[in-house]
Amino acid sequence: MKRNVIVGQSGGPTAAINSSLAGVYRTAKDRGANKVYGMLHGIQGLLQERYLDLSEYITTELDAELLKRTPAAFLGSCRYKLPEIHEDKAVYEKIFSILDKLDIEAFIYIGGNDSMDTIKKLSDYAIVTGHSTRFIGCPKTIDNDLALTDHTPGYGSAAKYIGTSVKEIIRDSFCLEYSKGLVSIVEIMGRNAGWLTGAAALAKGEDCEGPDLIYLPEISFDLHAFSDKVKELLSKKPSVVVAVSEGIRTADGTYVCELGSSIDFVDAFGHKQLSGTASYLASFIAGEIGCKTRAIELSSLQRSASHAASRVDILEAYQVGGAAVKAADEGDSGKMVVLQRLSDDPYQCGTEVKDVHKIANDEKLVPREWVNEEGTGVTDEFVAYVRPLIQGDVSPVMVDGIPRHLFRPYNL
């Protein structure tokens, strides 16, 4: 590479997103890039000309290792939807004037579905105007819902955390006995895709029966059938643990969380803020059965628990970051790096690049055949797909008993 690289992070962060950033930085420098700039808060920050030189923060190998172990987006993230080119050409002119000023050869964007929409639009504008900057997407999302890739970096670590947490919740739920039983409902992220919620099944093993019920958003949710199932389970055991996706809906398309209260916040991509599903169901079951209930929202913890990250996930995140730079250096643009599983035993995975137009704004859902007939759990095939992605640990760098992260001031 003879010029400069710029990289940004967009959408919800993960425990592995900064490993991709480290992979971008190291590969770009190894391939001869003069500078590697980081956008502060993604494309939205770039429009405000907010960026930094990553070499000022990654000065040693220890810094690079700390970055891999740092949760959330080191550069800051955003949820900014670029207008269509014909709607506001001035936005694109501004972005490309900034790229020219910084002498950018490759633009790497680490993100999910909405971020790939940004790559698609920018690469299309570059083609129309004959601009030489190349645009490559680097996959990231704990939701695991990107098309054409076997899985996404970030998912494995979140799945590992969810499986571990649900197992610990199951153990805790049997400590105290209540006359009418205890129902614990664990709310897990996932608007339309149930990959994360299905990962609750990883809790099952020789020492744990696993969650009693798992509800994914791909299957319509029947409130009264759910109540009957819980009653049946409580007649056989003193404690029931249920994993539910935040995005489960009734047959008419109403989010279960909307049954308890209205949703006011909607982001730039039209996504409603979903929260309160477990709380509503816990109140509903308490009213129906009169038993003790608990509502548990894993919330941000499932995407920020870098202390429980999967080694496979961290290594693959670094791998796709490097592959994105390599693709740009070799002339690709308007593409996203994808992971292709080569084998399960032993687990092996490689990278390819695919046309981002076939990925942006699409969603990969859990196949129906990976959900049981009743829609209350996942199959062995689902677990076999996920289990290789959670293997291995990444030991935090501990200082005074607490993990150390790579730090930058937030007021830049």
Side-chain angles (χ1 to χ4, degrees), residues 7-25 27-28 39 42-43 68 71-75 77-79 106-123 134-159 189-193 195-196 199 269 303 309-310 312-328 332-342 349-366 385-386 388-390:
V7 56
Q9 299 169 309
S10 179
T14 79
I17 188 172
N18 290 324
S19 191
S20 291
L21 179 61
V24 168
Y25 178 78
T27 306
M39 303 172 228
I43 194 71
K68 294 177 188 178
F74 177 77
L75 294 172
S77 189
C78 71
R79 293 194 186 277
F107 179 111
I108 312 295
Y109 214 37
I110 306 170
N113 290 306
D114 299 334
S115 305
M116 295 312 117
D117 178 71
T118 298
I119 287 292
K120 175 179 74 72
K121 289 172 178 174
L122 291 175
S123 62
R134 295 184 285 278
F135 297 86
I136 299 290
C138 187
K140 170 268 354 159
T141 175
I142 63 169
D143 294 329
N144 197 43
D145 59 354
L146 279 173
L148 302 187
T149 183
D150 179 79
H151 57 281
T152 55
Y155 173 63
S157 293
M189 285 181 174
R191 179 178 306 277
N192 300 317
W195 298 102
L196 286 173
F269 291 86
R303 70 187 191 193
S310 153
V312 167
D313 194 29
I314 296 299
L315 290 175
E316 289 184 341
Y318 188 89
Q319 181 183 8
V320 298
V325 173
K326 180 176 180 288
D332 281 315
S333 188
K335 304 288 181 66
M336 187 191 84
V337 177
V338 302
L339 288 164
Q340 295 288 5
R341 191 177 303 215
L342 305 175
C349 200
T351 62
E352 295 182 14
V353 291
K354 299 288 186 180
D355 186 350
V356 76
H357 294 77
K358 298 178 180 179
I359 298 170
N361 303 311
D362 193 7
E363 284 183 307
K364 180 182 71 176
L365 304 181
V366 176
Y385 163 82
V386 179
L389 311 182
I390 69 167

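Just so it is clear, the structure is predicted and the values come from calculations on it, not from any experiment. One is the number of the first residue; the rest follow in order along the sequence.
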(request) Evaluate the criterion side chain to side chain contact (heavy atoms under 4.5 Å, CB included) for residue pair Phe107 and Ile43; output intermediate values, then yes/no. (result) CA-CA 11 Å; Phe107 179 111; Ile43 194 71; 4.0 Å; yes

(message) Is the shortest side-chain heavy-atom distance between Val356 and Tyr109 below 4.5 Å?
(response) no

Distance-only criterion, 3.5 Å: show the donor-acceptor pairs between side-chain atoms of residues 314-323 and protein atoms not counting sequence neighbours.
from	atom 1	to	atom 2	distance (Å)
Glu316	OE1	His151	NE2	2.6
Glu316	OE2	Tyr347	OH	2.6

(message) In the structure I gave you, are the side-chain heavy atoms of Leu75 and Leu21 within less than 4.5 Å of one another anywhere?
(response) yes

(message) A side-chain contact here means heavy atoms from C-beta on lying under 4.5 Å apart; do Leu148 and Met336 qualify?
(response) no

(message) Nearest 0.5 angstrom please: Cys349 SG to Leu389 CG, how far?
(response) 8.0 Å

(request) Please report the closest heavy-atom contact between Leu146 and Gly112, naming both atoms and the distance. (result) CD2-C, 3.7 Å

(request) Please round to the nearest 0.5 Å and tell me the distance separating atom OG of Ser19 and atom NZ of Lys140. (result) 14.5 Å

(message) Taking the side chain as everything from C-beta on, heavy atoms only, tell me whether Phe135 gets closer than 4.5 Å to Thr118.
(response) no

(message) Distance check, rounded to the nearest 0.5 Å: Asp362 atom CG versus His357 atom NE2?
(response) 14.0 Å

(request) Using atom types as modelled and distance alone, determine if a side-chain donor or acceptor of Asp150 lies under 3.5 Å from a backbone N or O of Gln340. (result) no

(request) Verify side chain to side chain contact (heavy atoms under 4.5 Å, CB included) between Phe74 and Ile17, making sure each step is shown before the conclusion. (result) CA-CA 8 Å; Phe74 177 77; Ile17 188 172; over 6 Å; no

(message) With heavy-atom distances below 4.5 Å as the criterion, would you say the side chains of Asn18 and Gln9 are in contact?
(response) yes

(request) Compare all side-chain heavy atoms of Thr14 with those of Tyr155 and state whether any distance is below 4.5 angstrom. (result) no

(message) Quick one, Asn113 with Thr141, criterion side chain to side chain contact (heavy atoms under 4.5 Å, CB included). Give me CA distance, side-chain angles, the key distance, then yes/no.
(response) CA-CA 8 Å; Asn113 290 306; Thr141 175; 5.9 Å; no

(message) Strictly distance-based, threshold 3.5 Å: is any side-chain N or O of Arg191 a donor or acceptor partner for the main-chain N or O of Asp143?
(response) no

(message) Looking at every non-hydrogen atom in both residues, tell me the closest pair between Asn192 and Leu365 and how far apart they are.
(response) O-CD2, 3.3 Å

(request) Heavy atoms only: give me the nearest Met39-Ile108 pair and the separation to one decimal. (result) CE-O, 4.2 Å

(request) Test Asp332 against Arg134 for side chain to side chain contact (heavy atoms under 4.5 Å, CB included), laying out the working first. (result) CA-CA 7 Å; Asp332 281 315; Arg134 295 184 285 278; 6.0 Å; no

(message) To the closest 0.5 Å, what do you measure between CD1 (Ile359) and NZ (Lys364)?
(response) 10.5 Å

(request) Rounded to the nearest 0.5 Å, what's the gap from CG on Asp114 to CD1 on Ile119? Could you check? (result) 13.0 Å

(message) Distance check, rounded to the nearest 0.5 Å: Ser115 atom OG versus Arg79 atom CZ?
(response) 8.5 Å

(request) Could you tell me which non-hydrogen atom of Ile136 sits nearest to which non-hydrogen atom of Ala327, and how far apart they are? (result) CD1-CB, 4.2 Å

(message) Taking Ser157's backbone N and O only, do any of them form a donor-acceptor pair with Asp313's side chain (distance below 3.5 Å, no angle check)?
(response) yes

(message) Is there a side-chain contact between Asn361 and Lys120 in this structure, where contact means two heavy atoms from C-beta onward sitting under 4.5 Å apart?
(response) yes

(message) Would the distance check show the side chain of Thr149 and the main-chain N or O of Thr152 forming a donor-acceptor pair, the cut-off being under 3.5 Å?
(response) no

(message) Looking at every heavy atom in both Ile142 and Met189, which two are closest together, and how far apart are they?
(response) CD1-SD, 3.7 Å

(message) Taking the side chain as everything from C-beta on, heavy atoms only, tell me whether Leu339 gets closer than 4.5 Å to Thr351.
(response) yes

